[in-house]
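Some notes on the structure that comes next.
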Amino acid sequence: MMKSKSNFFSALLLMAFVIFSSCALIKVAQKPSLFLIGDSTVKNGKGKGDGSLWGWGSFIDSFFDTDKINVENHALGGTSTRTFQGKGLWDSVLVKLKPGDYVMMQFGHNDGSPLDDTARARGTIKGIGTESKEIYNPISKKKEVVYTYGAYLRKFIRDIKAKGATAIVCSPIPRNPVKQGAIVLSVDSYAAWAKEVALSEKVSFIDLNKLIKEEYQALGAEKVTSFFTEKDHTHTNEAGARVNAAAVIAGLKMQKGNSLNKYLKN
C-alpha cells in the first residue's frame with residue numbers, strides 16, 4: 001500500500017513537472033524577438049570587444065525588458081546588404097522569424113566596396129534603383145547578378161513583412177569625424193538611401209547617422225576622439241558603442257507608433 005502511494009505521488013510530481021516545463025516552453029515561444037542584422041559596427045568580431053572595438057548591438061539589450069522580449073544580435077563584420085543575403089546569413093534569421101517579431105537593420109559601410117574584387121566581392125551598385133550587373137564572383141567562382149543597395153534593403157523589408165514581423169531601418173553610423181582637432185562632418189549617401197527606402201516601403205526609420213552626428217557636435221572633438229582607437233576610424237570602442245546604442249533608443253522613441261517601444265525599460 002505504501003509503495004502504491006509512493007508511486008502515485010511520484011507520478012503526480014512528474015506530471016506537474018511536465019506541465020510546468022511545457023508552460024515555460026510555450027511562454028518562451030510566444031515571447032517576441034528583436035533581431036539585429038548588420039556589419040561590424042553593429043557587432044564587431046564575436047561581440048566581446050576584440051581589439052577594444054565594439055558594435056552598438058552588443059549593448060542594446062540593456063535598454064529592453066528581456067523578460068518580455070528576446071534580443072538576438074546576428075550582425076557579422078565585413079558584410080554588406082548583398083553578402084549578408086548571399087552567404088545565407090539572412091536565411092538563418094528568416095527561418096526563426098515569426099509574427100510579432102522585429103528586425104532592426106544597419107548596413108552601408110561595406111556596400112561601397114568593389115563588386116568583384118578578389119578580397120571580398122561584397123559591393124553593391126550605388127543607389128536605390130532597379131539596376132543590375134552580371135559579374136563573375138572570384139570568391140564563389142560563379143556568375144552573380146548584383147543589384148543596388150536599395151534593392152537588397154527592400155528584399156530584407158519585404159521578407160520581414162511577409163513573415164508578419166516589423167522592419168526597422170537604421171542609417172549607418174558615421175565614421176570618426178575628427179580631423180586636425182576639429183569635427184568635420186561629411187554627407188553619407190548610404191544614410192540618405194536608407195531613408196528613401198524606408199519611407200517608400202513605409203517602415204520605421206532611425207536616422208542614426210544624423211542623431212550621432214548631432215551628439216558628436218554637442219560633445220566636441222576631444223570627447224569624440226576618445227570614442228575611437230588610434231588605428232581605426234570606423235569602429236568605436238566600448239564608450240563610443242554605448243553612445244551609439246543610446247542614439248538607437250532615442251531614435252526608436254521618436255517612432256511613436258512603433259510597438260517595439262513597449263518593451264523598453266521604464
Less than 4.5 Å apart, side chain to side chain, heavy atoms only: is that true for [X] and [Y]?
X: Q255; Y: L260; value: no
X: L252; Y: F63; value: no
X: I128; Y: R154; value: yes
X: D101; Y: K163; value: no
X: N244; Y: F59; value: no

**Prompt:** Where does the angle between the aromatic ring planes of F228 and Y216 fall among parallel (under 30°), tilted (30 to 60°) and perpendicular (over 60°)?
**Reply:**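 The arrangement is perpendicular - the two ring planes meet at more than 60°.
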
**Prompt:** Should the ring pair Y152 and Y147 be called parallel, tilted or perpendicular, given that the plane angle runs from 0 to 90° and is split at 30 and 60?
**Reply:**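 Taking Y147 first and then Y152, their aromatic rings stand perpendicular (interplane angle over 60°).
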
Can you name the nearest heavy-atom pair linking [X] to [Y], along with the distance?
X: I183; Y: G220; answer: CD1-C, 3.7 Å
X: F205; Y: A198; answer: CB-CB, 3.7 Å
X: L115; Y: K133; answer: CD1-CD, 4.0 Å

**Message:** Can you list everything that forms a salt bridge (charged side-chain N to carboxylate O under 4.0 Å, His left out) with E144? Sequence neighbours excluded, please.
**Reply:**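 With neighbours one apart ignored, the set is R82.
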
**Message:** Tell me every residue that passes salt bridge (charged side-chain N to carboxylate O under 4.0 Å, His left out) with E196, counting only those two or more places apart in sequence or in another chain.
**Reply:**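 Result, salt bridge (charged side-chain N to carboxylate O under 4.0 Å, His left out) vs E196: none returned.
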
**Item:** Pairs satisfying side chain to side chain donor-acceptor pair (under 3.5 Å), at least one member in residues 52-64, at least two apart
**Value:**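 Residue pairs with at least one partner in residues 52-64: W56-Q106.
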
**Message:** Under a 4.0 Å threshold between the charged nitrogen and the carboxylate oxygen, would K155 count as salt-bridged to D159?
**Reply:**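 Result for this pair is yes, salt bridge flagged.
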
